Amino acid sequence: MSEVQESRLARRVSDAAGELLKRSRAVAPVEVFVRLGWIRTATVAEWRQGRHDHLHAAMTVRPDRIETALRALRAWAEANGLEPAETPYTAATRDHRALRFTAAGRDAAERDHRTHWLSPDLTPAQRERLAARQAKAPDITVLMPDGAWTCGGCHSPGDLQVAEDGGPLCLDCADLGHLVLLPSGNATLSRRAKKESGLSAVVVQHNRRRKRYERRGVLVEEAALERAEEQCLADEDVRARRRERDRERRAGQDADFQDRMAAEIVRLFPGCPGGRAEEIARHAGLRGSGRVGRTAAGRDLDAEAVTLAVIASIRHLDTGYDALLMSGVPRREARDRIRADVDAALAAWRRRP
């Protein structure tokens, strides 16, 4: 790799690491790789489930580029006073085996991948909680496949799938057939059933549209589920009052955030029409919407995230973008057609009235 290429890669690594540090006050090499576009989040989840022999096998770049990125990450972290912390990575399988990053598995290379970089601002209590969370063995993961498949043990068509011994197994062959599925939807019941069950597993399914694995339920012992149901019935009134208090608290937090976002929109775009900033903030900051206001950058009122929310509003309300989509124009082409209108509106909104 040339010096120019190394320098360019080092800048990309620094930018990615800086964003991660701002969000969580800790930087993991695997998360940097995701930010660089070298591996998808869903593929990392598959590796953690034990479906890849090592992480590099699922990545889209050469090992030498990965080594260069790790060197750049260490240099950036040391220059910014971050502190190294070697972190265990265990598979979400019954044996909780150590996950491997590289094909050769050499100690030095594996250690470089396992080393997280922590903000010096973390308190001892925060460090302790972070270390405990990272050291905790992951739940056994069971996959809900989209298509037909055959069990590697009994060679019969399967339903839920467990990755074990290098191949997919059905629940019976994986000795999980006695468990019952509790679908997602009741967090309290799921938590209590899992606590009561001597053996449990989390069920996930790949969401192709969102390109990630999503939780679909938990497998628990039937007797454990019954005990958890009894506990939930016994304190339903208490939990109902708690949920109501939580709703009121979240509503207050949302209103405060939306007010701050509206004020930031007015600061960045003083020519914004009256009432429009509040409308954009309510739309972009709606809890559970997945919109830009609910991202980490949006919650931090990052200028770029706020600008994206404004652009989305202009695009839909002040241009012919929606009409183009309804007429069958592809999304990218429609955006190209109205880009000049969006840019003109942004320029006008940035001017003080």
Side-chain angles (χ1 to χ4, degrees), residues 30-31 33-34 37-61 89-103 105 137-187 189-226 228-229 288 290 330-331:
V30 173
E31 294 177 345
F33 298 156
V34 172
W38 290 356
I39 189 169
R40 295 184 297 111
T41 301
T43 308
V44 173
E46 292 169 355
W47 169 67
R48 288 183 174 273
Q49 294 164 15
R51 297 176 183 276
H52 296 283
D53 289 338
H54 54 88
L55 185 69
H56 284 194
M59 295 180 66
T60 59
V61 293
Y89 278 78
T90 54
T93 54
R94 195 196 308 273
D95 59 3
H96 291 313
R97 64 182 179 274
L99 288 167
R100 196 152 51 93
F101 293 88
T102 65
D139 293 316
I140 298 172
T141 301
V142 173
L143 179 65
M144 184 180 288
D146 293 330
W149 64 282
T150 301
C151 173
C154 64
H155 306 293
S156 300
D159 184 12
L160 297 179
Q161 181 185 111
V162 181
E164 196 168 297
D165 298 329
L169 297 179
C170 66
L171 292 185
D172 287 334
C173 289
D175 294 330
L176 298 176
H178 63 294
L179 303 180
V180 295
L181 175 62
L182 172 60
S184 298
N186 187 327
L189 179 59
S190 296
R191 183 177 64 254
R192 289 177 170 175
K194 188 166 175 280
K195 182 178 179 181
E196 289 287 331
S197 189
L199 179 64
S200 64
V202 173
V203 179
V204 299
Q205 185 177 34
H206 187 244
N207 185 320
R208 293 185 178 180
R209 182 174 64 84
R210 296 185 175 181
K211 299 180 181 179
R212 69 186 187 192
Y213 283 88
E214 297 179 341
R215 186 167 175 153
R216 291 291 180 255
V218 61
L219 291 169
V220 295
E221 297 163 346
E222 189 168 5
L225 177 55
E226 292 174 356
E229 289 172 335
R331 183 174 62 88

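Keep in mind that the numbers below use all heavy atoms, side chains included, and drop hydrogens, waters and symmetry copies. Positions are given from 1, in the same order as the sequence printed here. Computed from a predicted structure; not experimentally measured.
- Within a 6.0 Å sphere centred on CG of Asp53, other residues, nucleotides and ligands contribute 12 heavy atoms or fewer.
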Original post:
What do the steps show when you test Glu196 against Val220 for side-chain contact (heavy atoms from CB on, under 4.5 Å), and what is the final call?
Top reply: CA-CA 8 Å; Glu196 289 287 331; Val220 295; over 6 Å; no
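- Put simply, the side chain of Arg100 gets close to the backbone of Ala103: a donor and an acceptor are under 3.5 Å apart.
- In this structure, the side chains of Tyr213 and Leu143 come closer than 4.5 Å at one or more pairs of heavy atoms.
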**OP:** Just do the side-chain contact (heavy atoms from CB on, under 4.5 Å) check on Thr41 and Lys211 with the steps written out, would you?
**Re:** CA-CA 8 Å; Thr41 301; Lys211 299 180 181 179; over 6 Å; no
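- Atom CD of Glu214 sits in a crowded spot, with more than 12 heavy atoms from other residues, nucleotides or ligands closer than 6.0 Å.
- Using a distance-only test at 3.5 Å, with no hydrogens or angles considered, no donor-acceptor pair links the side chain of Asp139 to the main chain of Thr141.
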Subject >> From CA spacing to verdict: side-chain contact (heavy atoms from CB on, under 4.5 Å), Leu219, Leu171 >> reply: CA-CA 10 Å; Leu219 291 169; Leu171 292 185; 4.0 Å; yes
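- Leu225 has its side chain within reach of Leu189: a pair of non-hydrogen atoms, C-beta onward, lies under 4.5 Å apart.
- Take Tyr89 and apply the ring pair (Phe, Tyr, Trp, His ring centres under 6.0 Å) test, not counting sequence neighbours, and it matches Trp47, Phe101, His116.
- The ring pair (Phe, Tyr, Trp, His ring centres under 6.0 Å) test applied to His96 returns no partner, not counting sequence neighbours.
- Closest approach of Trp149 to Asp159, counting heavy atoms only: NE1-O, 3.1 Å.
- Of the possible polar contacts, one joining the Glu221 side chain to the Gly198 backbone as a donor-acceptor pair under 3.5 Å is found.
- Shown here are the ring pair (Phe, Tyr, Trp, His ring centres under 6.0 Å) partners of His52, two or more places apart in sequence or in another chain: there are none.
- Side-chain contact between Thr90 and Pro138 is present, with heavy atoms from C-beta onward closer than 4.5 Å.
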